[in-house]
Amino acid sequence: MSVTLAKTAGFCYGVKRAVELAEQTAQSGRPCVMLGSIIHNEHVVAHLKEQGMGQVMKIEDVPEGSAVLIRSHGEAKEVYDRLEAAGIPIIDATCPSVARIHKLVQKAEENGRQPVIIGLTTHPEVVAIAGWCRSPVVLKDAEALKQWLEEDENRQNLPLTFVFQTTSTRSVWKNCENIAKKQCTNAEIFDTICNATAQRQLEAQELAARSDVMIVIGDHQSSNTRHLTELCQQQCSQVCWIEQADELSADRFAGASCVGITAGASTPGWIIKEVKTKMSNEVKMEIEESFAELLEASIKTLNTGDKVIGTVVQITPTDIQVDLGTKHAGYIAMNEFSDDPAVKAEEILKPGDQIEVLVLRVNDSEGVVNLSKKRLDANKNWEEIEEAKENKTVIEATIREENKGGVVANYKGIRVFIPASQTGLRRNEPMTGLVGTTARLHITEVNRSRRRVVGSIRSVSSEERAAKSKAVWDSIEVGKHYSGTVKSLTSYGAFVDIGGVDGMVHISELSWSRIKHPSEVVSVGDPVDVYVIKYDPEKKKISLGMKDPGENPWETFLNKYSVGDTATVKVVKLMTFGAFAEVVPGVDGLIHISQIADHRVEKPEDELKEGDIVDVKITDINLETKKVSLSRRAVLQGAPVAEDEE
């Protein structure tokens with residue numbers, strides 16, 4: 001069975017923005033409550049409550065000292081007025097697309113026009129939009145519009161301004177547009193349906209058409225999800241509308257070869273993931289582990305070269321007596337205890353301590369065994385060195401001196417030579433700085449008979465970098481933040497080490513403001529905070545961003561301007577097809593060549609040059625693609641831009 005998840009399933013721009021704003025507020029510890037539900041998903045609301053975000057249904061219930069978070073659907077103007085009058089701080093999470101509709105209907109009434117809102121009368125978004133005008137008309141669909149116009153013939157001649165619920169379908173918009181154009185003599189029609197919603201609906205229909213079973217995830221109170229379900233039902237005979245993974249059962253998709261999954265704009269990614277995971281086949285393997293019994297150790301006979309464990313009986317100035325558990329008495333001469341003459345046995349050992357030693361000689365006639373701890377330690381250290389080479393284990397050794405051609409380290413009394421090429425330093429870089437430091441290294445050569453050991457610091461550095469690189473690639477995901485270091489600069493961006501892997505911060509992602517070279521923002525060696533924009537595991541490429549989302553100029557732009565507004569802009573770049581102009585720092589718009597002047601223009605440079613300050617009208621804002629269309633021609637003519645010119 002194949003399972004396909006629609007590309008645009010889950011949070012849309014406006015919902016994601018609202019939830020992130022709520023999470024940031026909750027995590028900041030600032031007292032705040034939601035007025036109603038921030039989005040149509042009770043699981044997300046519950047999640048925010050767990051993080052400390054409160055919820056009230058009426059303004060009168062707002063706790064003293066708390067701010068109020070306005071939901072993504074928006075609120076009526078009266079709500080804002082009451083909150084301001086009460087001195088309650090407002091955190092506005094209204095979707096920018098919805099906020100634009102508020103301005104449209106408010107402006108329509110100010111100009112003596114009648115706002116007509118196409119949408120569900122009870123939907124929170126529609127209720128909020130209606131609350132921004134004194135006498136709104138709210139109609140469900142084209143049939144309702146037709147009936148309303150027929151009830152009073154005079155209505156067809158009224159100056160009408162049409163707006164649509166952002167989650168409405170394209171078919172509803174088209175049908176209403178056809179009626180308005182045919183029957184109304186003075187109609188102003190704004191396409192306010194969210195592009196992301198339209199794309200989501202189209203993808204859902206296409207996926208449903210080729211699926212045996214279609215699963216739609218979303219809250220049952222969400223009209224967006226209801227529309228998705230209805231559209232999928234037109235293409236697929238078996239559609240399941242669920243809120244979370246627990247509602248799924250195997251019989252829902254038994255026998256299906258193709259299953260499609262989509263989700264409403266208010267459905268968080270973690271719920272989608274739970275549903276997909278539940279549908280996946282999970283193979284659970286129970287591994288039985290048996291643990292070996294402890295081996296019994298016994299010393300039946302003693303031979304030269306044996307390693308034995310004994311108990312310290314007595315410590316004298318000349319030797320240490322050890323009970324080996326046999327008829328023999330064991331003795332460690334003080335010169336066989338340690339390589340270091342400054343070490344005193346009585347400061348390390350006491351009677352009753354266990355000690356491991358090496359048998360040097362057995363005198364059966366006298367019942368005496370000569371022992372050595374020093375030689376055992378030396379043998380152990382050489383064995384460790386040999387094992388380290390065999391297993392490529394990393395050891396730590398202290399650099400004691402600089403030598404011709406390299407440096408010398410000490411590992412438990414064993415001399416380790418590290419060639420200059422293996423120190424990890426650049427060619428001709430002084431090695432003096434390594435002396436006295438502790439280095440992590442691999443053993444690359446051991447000759448016990450010649451007492452020669454060679455090591456490499458560089459191989460450990462390379463291996464650790466590779467391990468860090470693997471760890472990064474194993475856990476990397478879009479949006480994840482890293483603390484990195486700027487490694488190098490180019491004309492088009494900066495390379496940043498995020499822990500074993502270098503990522504590229506394109507010049508456009510270094511700053512919200514327009515810059516000509518990365519050196520205007522960062523320098524080599526700078527510590528920086530970055531986040532992942534996209535990555536390609538096959539090509540081993542990572543694109544990083546460094547711009548602070550809290551300084552997003554799009555938020556400034558959307559709070560200041562909307563479609564139809566006039567703005568004073570600065571021309572920043574001329575192209576063959578038009579000119580790019582800065583509306584606010586970080587947000588550029590395109591003045592198409594057809595919109596540069598009120599007469600035909602052959603080349604943009606005939607009318608404009610970089611640095612010019614001109615007045616333009618904002619003719620379109622696309623939040624999904626972050627594109628703004630501008631018209632200087634509309635300002636010069638003082639008339640609307642013809643739709644076919646663009």
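Note that this is a predicted model, so its numbers are computed, not measured.
Evaluation of the side-chain hydrogen bond (donor to acceptor under 3.5 Å, both in side chains) rule for T192 yields no partner, not counting sequence neighbours. Applying the salt bridge (Lys or Arg N to Asp or Glu O under 4.0 Å) criterion to K570, with sequence neighbours excluded, gives no partner residue. Partners of D474 according to the salt bridge (Lys or Arg N to Asp or Glu O under 4.0 Å) rule, which considers only residues two or more places apart in sequence or in another chain, are K470. Residues satisfying the side-chain contact (heavy atoms from CB on, under 4.5 Å) test with Q147, not counting sequence neighbours, are E151.
Across all their heavy atoms, I91 and C32 have their closest contact at CD1-SG, 3.9 Å. Considering every non-hydrogen atom in both V56 and D61, the closest pair reads CG1-O, 3.4 Å. When all heavy atoms are compared, the tightest approach of N175 to A142 is CB-CB, 3.6 Å. When all heavy atoms are compared, the tightest approach of T229 to V239 is CG2-CG1, 4.0 Å. The minimum heavy-atom distance linking G112 with P159 is given by the pair O-CG, 3.6 Å. The heavy-atom pair separating D141 from C176 by the smallest distance is C-SG, 3.9 Å.
No donor-acceptor pair closer than 3.5 Å links the side chain of R632 to the backbone N or O of Q595. Proximity of a side-chain donor or acceptor of Q114 to a complementary backbone N or O of L158 within less than 3.5 Å is not detected. Proximity of a side-chain donor or acceptor of N41 to a complementary backbone N or O of S266 within less than 3.5 Å is detected. Between the side chain of R30 and the backbone N or O of Q24 there is no donor-acceptor pair closer than 3.5 Å. Here the side chain of Q55 pairs a donor or acceptor atom with the backbone of G36 at under 3.5 angstrom. Side chain of R633 to backbone of I593: no donor-acceptor contact under 3.5 angstrom is found. Using a distance-only test at 3.5 Å, with no hydrogens or angles considered, a donor-acceptor pair links the side chain of T619 to the main chain of S629. Judged by distance alone, with hydrogens and angles left aside, the side-chain atoms of K626 form no donor-acceptor pair with the main-chain N or O of V587 at under 3.5 Å. Although no hydrogens or angles enter the test, the distance criterion places no donor-acceptor pair under 3.5 Å between the side chain of S66 and the main chain of V62.
Proximity of W554 to V628: side-chain heavy atoms (C-beta onward) are separated by under 4.5 Å at one or more points. Contact of the E477 side chain with the V532 side chain is not registered, since no non-hydrogen atoms from C-beta on lie closer than 4.5 Å. The shortest distance between side-chain heavy atoms of S475 and K480 falls below 4.5 Å. Between Y561 and I621, the closest side-chain pair of non-hydrogen atoms is not below 4.5 Å. Using a 4.5 Å heavy-atom cutoff, the side chains of L630 and K617 are not in contact. Under the 4.5 Å side-chain criterion, counting only non-hydrogen atoms from C-beta, T166 is not in contact with C95. K140 places a side-chain heavy atom less than 4.5 Å from the side chain of L120. Between V105 and T161, every side-chain heavy-atom pair lies at or beyond the 4.5 Å cut-off.
With rounding to the nearest 0.5 angstrom, the CG atom of N559 is 11.0 Å from the OG atom of S562. Separation of atoms CD1 (I215) and CD1 (I261) is listed at 5.0 Å; rounding is to 0.5 Å. Residue L231 holds its CG atom at 13.0 Å from SG of C236, rounded to the nearest 0.5 Å. Note that CD of E42 is 5.0 Å distant from CD of E243, once rounded to the nearest 0.5 Å. Atom OG1 of residue T121 and atom CD of residue Q165 lie 9.5 Å apart, to the nearest 0.5 angstrom. To the nearest 0.5 Å, atom CG of residue L160 and atom CG of residue L149 are 7.0 Å apart.
Ion pair K107/E110 not flagged as a salt bridge, since none of the NZ, NE, NH1 or NH2 atoms sits closer than 4.0 Å to an Asp/Glu carboxylate oxygen. Note on R71 versus E125: no salt bridge recorded, every NZ/NE/NH1/NH2 to OD/OE distance being 4.0 Å or above. Using a cut-off of 4.0 Å between Lys/Arg side-chain N and Asp/Glu carboxylate O, D565 and R100 are scored as not salt-bridged.
For residues 218-239, every residue pair satisfying the ring pair (Phe, Tyr, Trp, His ring centres under 6.0 Å) rule, not counting sequence neighbours, is listed here: H220-W241. Residue pairs meeting the ring pair (Phe, Tyr, Trp, His ring centres under 6.0 Å) criterion with at least one member in residues 60-81, sequence neighbours excluded, are H40-H73, H73-H123, Y80-W132.
Partner of I38 under the side chain to side chain contact (heavy atoms under 4.5 Å, CB included) criterion, out of I70, L21, L48, V15: L48 alone.
More than 12 heavy atoms of other residues, nucleotides or ligands shown are found within 6.0 angstrom of CD on E23. Residue-environment remark: CD (E60) exceeds the threshold of 12 foreign heavy atoms within 6.0 Å. Around NZ of K146, the count of heavy atoms belonging to other residues, nucleotides or ligands within 6.0 Å does not exceed 12. By the neighbour-count criterion of 12 heavy atoms within 6.0 Å, atom NZ of K627 is sparsely surrounded, having that number or fewer from other residues, nucleotides or ligands. Within a 6.0 Å sphere centred on CD of E230, other residues, nucleotides and ligands contribute more than 12 heavy atoms. Counted within 6.0 Å of CD on E143, heavy atoms from surrounding residues, nucleotides or ligands total 12 or fewer; the atom is thus considered open.
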Q) Step by step, would you call R113 with N186 a side chain to side chain contact (heavy atoms under 4.5 Å, CB included)? A) CA-CA 10 Å; R113 304 185 67 85; N186 188 359; 3.4 Å; yes

(Q) Walk me through whether T122 and V127 qualify under side chain to side chain contact (heavy atoms under 4.5 Å, CB included). (A) CA-CA 6 Å; T122 57; V127 173; 5.7 Å; no

Q: Quick one: do I118 and V116 satisfy side chain to side chain contact (heavy atoms under 4.5 Å, CB included)? Show the steps, please.
A: CA-CA 7 Å; I118 305 297; V116 179; 4.1 Å; yes

Q: Just do the side chain to side chain contact (heavy atoms under 4.5 Å, CB included) check on Y482 and I476 with the steps written out, would you?
A: CA-CA 10 Å; Y482 292 92; I476 195 170; 3.9 Å; yes

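At a cut-off of 3.5 Å, with distance as the only test, no side-chain donor of N224 or S222 sits close to an acceptor on the other residue.
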